*Asks:* 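First the structure, then my questions, so here it is.
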Amino acid sequence: MTDGIRRVIGDETRVALRNYEWLVRNRPDVELCWDSDTLMYGDGGVAIESLLEPGFTPATVDER
């Protein structure tokens, strides 16, 4: 990623996008529920803020 893009979106946004991209590409059942601020998948879900966590998916393990 170039420094220009990194300045525009910031580290938290980049981590969230990488986590979400990994989930969408690797799970057929991912859905953002904006009304409840929940990221649904499988038989449950997590708070949308979980996408901000480095290591939430394999895509961001190295960013811890």
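Worth saying up front: this structure is predicted, and the values here are computed from it rather than measured.
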*Asks:* Enter the distance from Leu39:CG to Phe56:CZ here, rounded to the nearest 0.5 Å.
*Replies:* 5.5 Å
*Asks:* Does Ser36 offer a backbone N or O that forms a donor-acceptor pair with the side chain of Thr38 under 3.5 Å?
*Replies:* yes
*Asks:* Determine the minimum heavy-atom distance between Glu53 and Asn19, stating which atoms define it.
*Replies:* O-ND2, 3.1 Å
*Asks:* Does the side chain of Leu51 come within less than 4.5 Å of Leu17's, by heavy atoms?
*Replies:*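 Not touching, per the 4.5 Å side-chain cut-off.
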*Asks:* Judged by atom type as modelled, is there a donor-acceptor pair below 3.5 Å linking the side chain of Asp37 to the main-chain atoms of Ile48?
*Replies:* no
*Asks:* Which pair of non-hydrogen atoms, one from Met40 and one from Cys33, has the smallest distance, and what is that distance?
*Replies:*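 Heavy-atom minimum between the residues: CG-SG, 3.3 Å.
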*Asks:* Given the rule that I, L, V, M, F, W and Y join up when any side-chain heavy atoms are under 4.5 Å apart, are Val46 and Val24 in one cluster?
*Replies:* yes
*Asks:* To the nearest 0.5 Å, what is the distance between CZ on Arg25 and OG1 on Thr57?
*Replies:*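 Going from CZ on Arg25 over to OG1 on Thr57, the span is 12.0 Å.
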*Asks:* Under the 3.5 angstrom rule, does the side chain of Thr13 hit a backbone N or O of Gly10 as a donor-acceptor pair?
*Replies:* no
*Asks:* Should Leu52 and Tyr20 be regarded as members of a common hydrophobic cluster, given that ILVMFWY residues are connected when their side-chain heavy atoms come within less than 4.5 Å of each other, either directly or indirectly?
*Replies:* no
*Asks:* Would you please name every residue forming a salt bridge (charged side-chain N to carboxylate O under 4.0 Å, His left out) with Asp62, sequence neighbours left out?
*Replies:* none
*Asks:* Taking the side chain as everything from C-beta on, heavy atoms only, tell me whether Trp22 gets closer than 4.5 Å to Thr60.
*Replies:* no
